[in-house]
*Asks:* 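Have a look at this one before I ask anything.
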Amino acid sequence: MAAALELRCWGGDWGLPSVHSESLVVLAYSKFSGAKLTVCPIDWTWKTITASVPELLCGDAVVQEPAQILHFLRKQRFNADYELTARQGADTMAYIALLEEKLRPALLHTFWVDAENYSNLTRPWFASRSPFPLNFVVPSRQASAALSRILVTKGEAPLHRISEVEGKIYSDAKECLNLLSYRLGKTKYFFGNSPSSLDAFVFGFLAPLFKATLPSSTLQSHLKQLDNLTHFCDNILAVYFSAQNPNGRQPARQPSAQNPQS
Amino acid sequence: MSLAAEAFVSQIAAAEPWPENATLYQPLKEDQILLSDCASSLAVQAYLRMCGLPVQVVCRANAEYMSPSGKIPFIHVGNQVVSELGPIVQFTKAKGHSLSDGLDDVQRAEMKAYMELVNNMLLTAELFIQWCDDATAAEISRPRYSSPYSWPLNNILAYQKQWEVRRKMNAIGWGGKTLEQVYEDVSQCCQALSQRLGTQPYFFSKQPTELDALVFGHLFTIITTRLTSGELAERIKGFSNLLSFCRRIEQTYFEDKSSST
């Protein structure tokens, strides 16, 4: 805890502290567990192409990948899962696997492969936040990485074309959203009254889909119909990322923050 | 399959009852089949036995190529061919046999989440150990995978499969993992399963579901298969309730089959 924690991530827009799902997961978890992070957005720097995002720096240690970063924070005694039972911890692992398998391919497709969304929203956003000449390179590199990830994991052997898998990944994603909605029910967070790492993961995956101004997305309209999930995202934004601390730099339990919905 | 084709197949499936001559195809058991395929095949066999549906197991060297999606196992029922546990569960549901009808929405969500956990962790770990660990790949996986074919086809096919699996591992971020980390992931997955199972006979209390079949298929195969190092089996044997779970399912549904695979 002596060394300062610094997080490198993509910057924010659309009312979110970051537009990148994995960075959002780490930011949300740090707020839930009370870890003070210095947020260094990599926008407009050469790190847009060299760094793997999100990245946590603590003294000499460099940690990448959200799961590893959360594990590191827990070892530094920032633990939002302290009150979970063993069974709830097991459920957390299972639901995170569900998100990764069923929802992530569709999110990658919506933002990076769908032609209308990519050319009208994603590419201009990422290109405008990369320095010249990287603005020509960064978005297309991420798009081709997204496409190959979808094809390699979901494309079936003889059919290496994206159109064959599109229908399947979107129906899987809609089913995943429905399952999350059933599980959340009417409660505020997934396990009781205080948020945990599962809430951070769900928030990180859902918030960009909910808040981005996508020109065309059936998945976004499906999400907007699931009221409890949209209230879940809005609630976390209002309580932990309100206007007083937009970057999420102050711990969650500050009494001076005026949150009308808490 | 596209959504329209799936709906069409379901309709056709619903029209006919389960025939007596349904067959399940897998690669050759003694020489060719690998850990991950054997686990998937055993999971499907367990599921069909739990539903009380008769099926004959047939071994073919080219089963992987016959399968519509390239994955093992697949079943041939009437004039339809369906591969992989997920679609097979939907197919049997269209014919009116289902194990998870008694679950409510929240339980069904949990069941699907745990099935994804097994696929995400256990199956990926099995593939990693088979194809990304050089010792296992050279001693076991490549020779077994290519055993029905003669030179030079056997080398070409084995290396092609290895390249494909390594590409997939890189795409999902497992490319840089060490064997120790993979064993650790498997332990955590088994701990989650063990805690979810607790002292109950099945994951959802009294009746087995497709989750039980899937977990049984993977765990039983790992425990009973000899690899270059026995560490994976040892880690799983550390969870006594999972061991008794496997034994119970084996005795209940496979009592006429010999205990070793």
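All chains are named by letter (A, B, ...) in the order of the sequence lines, taking the proteins before the strands, and each is independently numbered beginning at 1. Computed from heavy atoms alone, side chains included, the values below leave out hydrogens, waters and symmetry copies. These numbers were taken from a predicted model, which means no experiment stands behind them.
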*Asks:* Could you state the interatomic distance from CG (Leu179(A)) to CE (Met111(B)), rounded to the nearest 0.5 Å?
*Replies:* 9.5 Å
*Asks:* Show the nearest heavy-atom pair for residues Ala90(A) and Ala192(B), with the distance to one decimal.
*Replies:* CB-O, 3.3 Å
*Asks:* So do Glu116(B) and Glu100(A) actually touch side chain to side chain, heavy atoms under 4.5 Å?
*Replies:* no
*Asks:* Using a 4.5 angstrom heavy-atom cutoff, name the option from Gln188(B), Met115(B), Gln195(B), Lys168(B) with the most pairs to chain A.
*Replies:* Gln195(B)
*Asks:* Can you tell which part of Gln191(B) gets under 4.5 Å to a heavy atom of chain A, answering side chain, backbone, both or neither?
*Replies:* neither
*Asks:* Between Met121(B) and chain A, with a heavy-atom cut-off of 4.5 Å, which part of the residue counts as in contact: side chain, backbone, both or neither?
*Replies:* side chain
*Asks:* Are there over 12 heavy-atom neighbours, none belonging to Glu83(A), within less than 6.0 Å of that residue's CD?
*Replies:* no
*Asks:* What's the spacing between Lys102(A) NZ and Asn120(B) CG if we round to 0.5 Å?
*Replies:* 11.0 Å
*Asks:* Using a cut-off of 6.0 Å, state whether more than 12 heavy atoms not belonging to Asn193(A) lie near its atom CG.
*Replies:* no
*Asks:* About how many Å separate NZ of Lys112(B) and CD of Glu101(A), when rounded to the nearest 0.5 Å?
*Replies:* 14.0 Å
*Asks:* Which answer fits Glu65(A), side chain, backbone, both or neither, if we ask what part of it has an atom under 4.5 Å from a heavy atom of chain B?
*Replies:* neither
*Asks:* Is any side-chain N of the basic residue among Glu110(B) and Arg87(A) closer than 4.0 Å to the acidic one's carboxylate O?
*Replies:* yes
*Asks:* Would you name the heavy atoms of Arg167(B) and Val152(A) that are closest together and state the gap between them?
*Replies:* NH2-CG2, 3.2 Å
*Asks:* How far does CZ of Arg183(A) sit from CD of Gln107(B), to the nearest 0.5 angstrom?
*Replies:* 11.5 Å
*Asks:* Going from OH on Tyr95(A) to CG on Leu117(B), what distance comes out if it is rounded to the nearest 0.5 angstrom?
*Replies:* 12.0 Å
*Asks:* Between Tyr114(B) (side chain) and Asp91(A) (backbone), is there a donor-acceptor pair under 3.5 Å?
*Replies:* yes
